[in-house]
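Side chains included, hydrogens not; waters and symmetry mates left out as well; all remaining heavy atoms used. Because the structure is predicted, anything quoted here is derived from the model rather than measured.
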Number of protein chains: 2
Amino acid sequence: MSDSKNISIKDVAKHANVSTATVSHVINGTRFVSEDTKRKVHQAMNDLNYRINFVARSLRSRKSYVIAFLAPILASETSNYFFMSVAAGIQSVLKQNHYHLVLSDSHEEAEYEADEIRMLGSQMIDGLIMAPASRELDYEHLFGDYPVVYLDRVPNNSNRDCVVVDNKTVSKEAVQMLIGKGHKRIAYLSGPNTLTTTEERVAGYLEALSEAGIEAESDLISIGEVSLDSGYKLTESLMRHEPTAIFVTDNVMAMGVMFYMQEKKISVPEQIAVVAYDEFQWTRITSPPLTVIEQPAFELGVKAAEVMLERIDNAGSPRQEHRLTANLVVRQSS
Amino acid sequence: MSDSKNISIKDVAKHANVSTATVSHVINGTRFVSEDTKRKVHQAMNDLNYRINFVARSLRSRKSYVIAFLAPILASETSNYFFMSVAAGIQSVLKQNHYHLVLSDSHEEAEYEADEIRMLGSQMIDGLIMAPASRELDYEHLFGDYPVVYLDRVPNNSNRDCVVVDNKTVSKEAVQMLIGKGHKRIAYLSGPNTLTTTEERVAGYLEALSEAGIEAESDLISIGEVSLDSGYKLTESLMRHEPTAIFVTDNVMAMGVMFYMQEKKISVPEQIAVVAYDEFQWTRITSPPLTVIEQPAFELGVKAAEVMLERIDNAGSPRQEHRLTANLVVRQSS
DNA sequence: AGTCTGAACGTAAACGTTTACATGTCTTTA
DNA sequence: TAAAGACATGTAAACGTTTACGTTCAGACT
């Protein structure tokens, strides 16, 4: 082990015969220091194995270089790989800018979510990127005075920056594709409509139907909890109304749908067509390969992080709202 | 918006007519305070919308309540869902103990990894849980003076705490199962053997063969980069030596294997049996459902976090080494 | 010779907590 | 009634940086 005592900038200063200010300035390059002194300081830092204390720096400079990402990301059961890709995107730009990422899981529940926000406290983070669990909550009073950017979903009446996916257009496109193949009884399955995404997706679905002169049937629209089980059970009820196609807007629920079909030996797409949400490598080797809507998850993260950094740089700049387009990938399941 | 000025413990103290010490103590419950004063302080905190400054707290108390997890976890392409489940496990116990989790991605590359460790600096984290990219590196000089626990993999000559999976036993079991079904030409495909996991897995494979009196053939053993592409290409070369079964010890590479089989219309398990690593929901709806080795990923995370917290609590306690057992799940692909 | 300018660096006050130590006020006891 | 304890709180020094000001000193200009 090395020296157990913690080495501070003071020790370095003493060892190099300079002031703490000088040491700080050579570390940060924040004012001119002669080559000679620089060398001495670096030498001293090496000799003593000095390491910056980020906490002290944060306290004084009021910047932590930490961004939090709060989403239903880690819960083991309802594993939503979508948000993991988003996290990867966020991380990639944060890293380039020497920021850290702390991950918080909302469990898709308002209570957990509020807890997490509280735990983040103030000063600990420079910004929060979040996918809110509900669009009906008032989050504002929970936040500290860091910037917040909403990702994937936006609460009502928010005037924060946000970056989301254009769910309506692509959903409409997916349903139109099904209609084009002759389907008239198209079921719709999704998570709770406390999410803005759900709202948009159902809107796209309905618009496609109505433009094709097909009357929407409430029996064919099923909205429930986001879980594999729930996906399975809701499929069961939907099937009683004999759809010829099913549009499921969540990849976790989609697994429930596929389990059901597999178990009941209902062949896809012969007996029923399936269109799901979210593209992952495995959707290509399911049986049959799934037709999916590919969301730009990584890019969503990248954009959100970029917006965040800009906002940090310039608190007063106008609100940004980005709407990325998703992509329909047609494979054998439809 | 609320007051833009930052409220400190001093403001609260003044507003409640007590000292900062008292405020601190009611916040932390660290010494007796009369009910009356408590009320006053809470009132003041509410009135002023006070929020703890965790950074200042960390600086003074020398504890950040932050644990970092460093693993090849977020890289978008080589997405390793295994480590995400691990992260979920870690998070679940950290959360209960009011710790935060910061995620760092090593990209499975030594350089990235070293960078990340340096970026964590000192004092910023109370501990580091990591899955080292190589067993041959000397990490010790990179670490600060926080505890480190190795997860899933262990560098040579480490005397740190660690929690890993018993890869050898379960790999042997899997290969024995294949042998039991009459297979004699069993291919082995895995990531680089700079990983301890690879070492153990190949050992299990070899031991099963040798105990069954089957001679190992180096042409049937393929070791390469962990990626989908690499999995695909290595399968291609392996197939030239006509294996009747293939044991692939990484889920990302396994996708490459399955793509290959699908593309070449090689039917599984009729023409070749496949056993893969890591159980996820989707392995059940692939075509055919995959036989896999199910690693206790979540539990791995839980254990690692528990060990971490114990170590923080008691720096002097004896080294812990945990070896969790994995589970062979036999399905149609074998 | 005095003043000025710029280069290079030093001094010390913050940042917002925690915490060792000190203080004051009651009650109890001899 | 004075000393002793218990009870409840206050004082102020840290923690390790950053940074607004000050300082020193050498050379250039009047």
Side-chain angles (χ1 to χ4, degrees), chain A residues 3-42 44-45 48-66 121-126 144-146, chain B residues 3-42 44-45 48-66 121-126 144-146:
Chain A
D3 337 37
S4 65
K5 183 93 173 126
N6 248 335
I7 312 289
S8 85
I9 225 176
K10 274 187 190 169
D11 303 313
V12 175
K14 196 166 299 174
H15 194 268
N17 265 317
V18 297
S19 73
T20 63
T22 300
V23 177
S24 173
H25 283 120
V26 347
I27 289 174
N28 300 296
T30 135
R31 88 176 171 194
F32 183 89
V33 177
S34 75
E35 286 305 319
D36 240 34
T37 340
K38 268 189 198 165
R39 233 191 316 279
K40 278 195 302 181
V41 170
H42 282 126
M45 296 202 295
L48 303 179
N49 190 25
Y50 168 76
R51 305 171 160 265
I52 289 191
N53 184 324
F54 288 112
V55 174
R57 168 185 288 185
S58 291
L59 177 57
R60 170 62 217 223
S61 64
R62 313 178 128 270
K63 232 177 136 2
S64 65
Y65 285 91
V66 174
S122 74
Q123 296 293 125
M124 164 152 212
I125 58 174
D126 285 352
D145 50 4
Y146 41 77
Chain B
D3 337 38
S4 65
K5 184 92 173 127
N6 249 336
I7 312 290
S8 85
I9 224 176
K10 274 186 189 170
D11 304 312
V12 175
K14 196 165 300 172
H15 194 270
N17 265 317
V18 297
S19 73
T20 63
T22 300
V23 176
S24 174
H25 283 119
V26 347
I27 289 175
N28 301 297
T30 137
R31 87 174 172 195
F32 182 88
V33 177
S34 74
E35 284 306 320
D36 240 34
T37 341
K38 268 188 197 165
R39 234 192 314 278
K40 278 196 302 181
V41 170
H42 280 126
M45 295 202 296
L48 302 179
N49 190 26
Y50 167 77
R51 305 170 160 268
I52 287 189
N53 185 324
F54 288 111
V55 174
R57 168 183 290 184
S58 292
L59 178 56
R60 171 61 217 224
S61 63
R62 313 178 129 270
K63 234 179 133 6
S64 65
Y65 285 92
V66 173
S122 74
Q123 296 292 126
M124 164 152 212
I125 58 173
D126 285 352
D145 51 2
Y146 41 77

Q | Any donor-acceptor N or O pair under 3.5 Å, side chains A:Asn53, B:Arg62 | A | no

**Q.** Distance in angstrom units between B:Ile9 CD1 and D:dA12 P, rounded
**A.** 17 Å

Q) For the side chain of A:Arg62, counting heavy atoms from C-beta on, which of C:dT19, C:dC15, C:dT11 is nearest? A) C:dC15

Q.
Assess whether a salt bridge exists between B:Asp36 and B:Arg39, defined as any Lys/Arg side-chain N lying under 4.0 Å from an Asp/Glu carboxylate O.
A. yes

Q. B:Asp11 has an atom CG; how far is it from atom P of C:dC15, in whole Å?
A. 10 Å

Q.
Without decimals, in angstroms, what is the distance between A:Tyr50 OH and D:dT17 C1'?
A. 7 Å

Q: Can you measure from OG (B:Ser24) to CD1 (B:Ile52) and round to the nearest 0.5 angstrom?
A: 8.5 Å

**Q.** Whole-Å gap separating P (D:dG10) and NZ (B:Lys10)
**A.** 15 Å

Q. Please give, in whole Å, the distance from D:dT19 P to A:Lys63 NZ?
A. 12 Å

(Q) Mind checking if A:Val55 touches a base, just sugar-phosphate, or nothing, with heavy atoms under 4.0 Å? (A) nothing

Q: Could you grab the distance from atom OG of A:Ser58 to atom CD1 of A:Ile125, nearest 0.5 Å is fine?
A: 12.0 Å

Q) How many Å lie between NE2 on B:His25 and C1' on C:dC21, as a whole number? A) 12 Å

Q: Identify which nucleotide among D:dG10, C:dG10, C:dA14 has an atom closest to any side-chain atom of B:Val18, counting heavy atoms from C-beta outward.
A: D:dG10

Q: May I have the distance from A:Phe54 (atom CZ) to C:dC15 (atom C1'), rounded to whole angstrom?
A: 18 Å

Q: Give one of base, sugar-phosphate or nothing for A:Asn17, where a contact means two heavy atoms less than 4.0 Å apart.
A: sugar-phosphate

Q: Assign each of B:Asn53 and B:Ala21 to its nearest nucleotide of DNA chain C by heavy atoms, then name whichever residue's nucleotide is nearer the 5' end.
A: B:Asn53

Q) Quick check: does any side chain N or O of B:Thr37 sit under 3.5 Å from a backbone N or O of B:Val33, one acting as donor and the other as acceptor? A) no

Q. Under 4.0 Å between a side-chain N/O of A:Ser61 and OP1 or OP2 of D:dT18, yes or no?
A. no

Q.
Let me confirm one number: the OG1-NE2 distance from B:Thr20 to B:His25, rounded to the nearest 0.5 Å.
A. 9.5 Å

Q. Picking from D:dT9, C:dT17, D:dT18, which would you name as closest to the side chain of B:Thr22?
A. D:dT9

Q: Could you please name the option among C:dT18, D:dG16, C:dG16 that lies closest to any side-chain atom of B:Ser24?
A: C:dT18

Q. In this structure, are over 12 heavy atoms from other groups packed under 6.0 Å from B:Lys10 atom NZ?
A. no

Q: For the side chain of A:Thr20, starting at C-beta, report the closest nucleotide among C:dA12, D:dT11, C:dG16.
A: C:dA12

**Q.** Selection: residues 26-37 of chain A, any non-hydrogen atom under 4.0 Å of DNA chain C
**A.** A:Arg31, A:Phe32, A:Val33, A:Ser34, A:Thr37

(Q) Could you check whether the side chain of A:Arg60 and the base of D:dT17 have a donor-acceptor pair of N or O atoms closer than 3.5 Å, going by distance alone? (A) no

Q) What nucleic acid atoms does B:Ser8 come within less than 4.0 Å of, heavy atoms only: base, sugar-phosphate, or nothing? A) sugar-phosphate

**Q.** Verdict with supporting geometry, B:Asn49 and B:Ile7, side chain to side chain contact (heavy atoms under 4.5 Å, CB included)
**A.** CA-CA 8 Å; B:Asn49 190 26; B:Ile7 312 290; 5.8 Å; no

Q | Nearest-angstrom distance from the residue atom NZ of B:Lys14 to C1' of D:dG10 | A | 15 Å

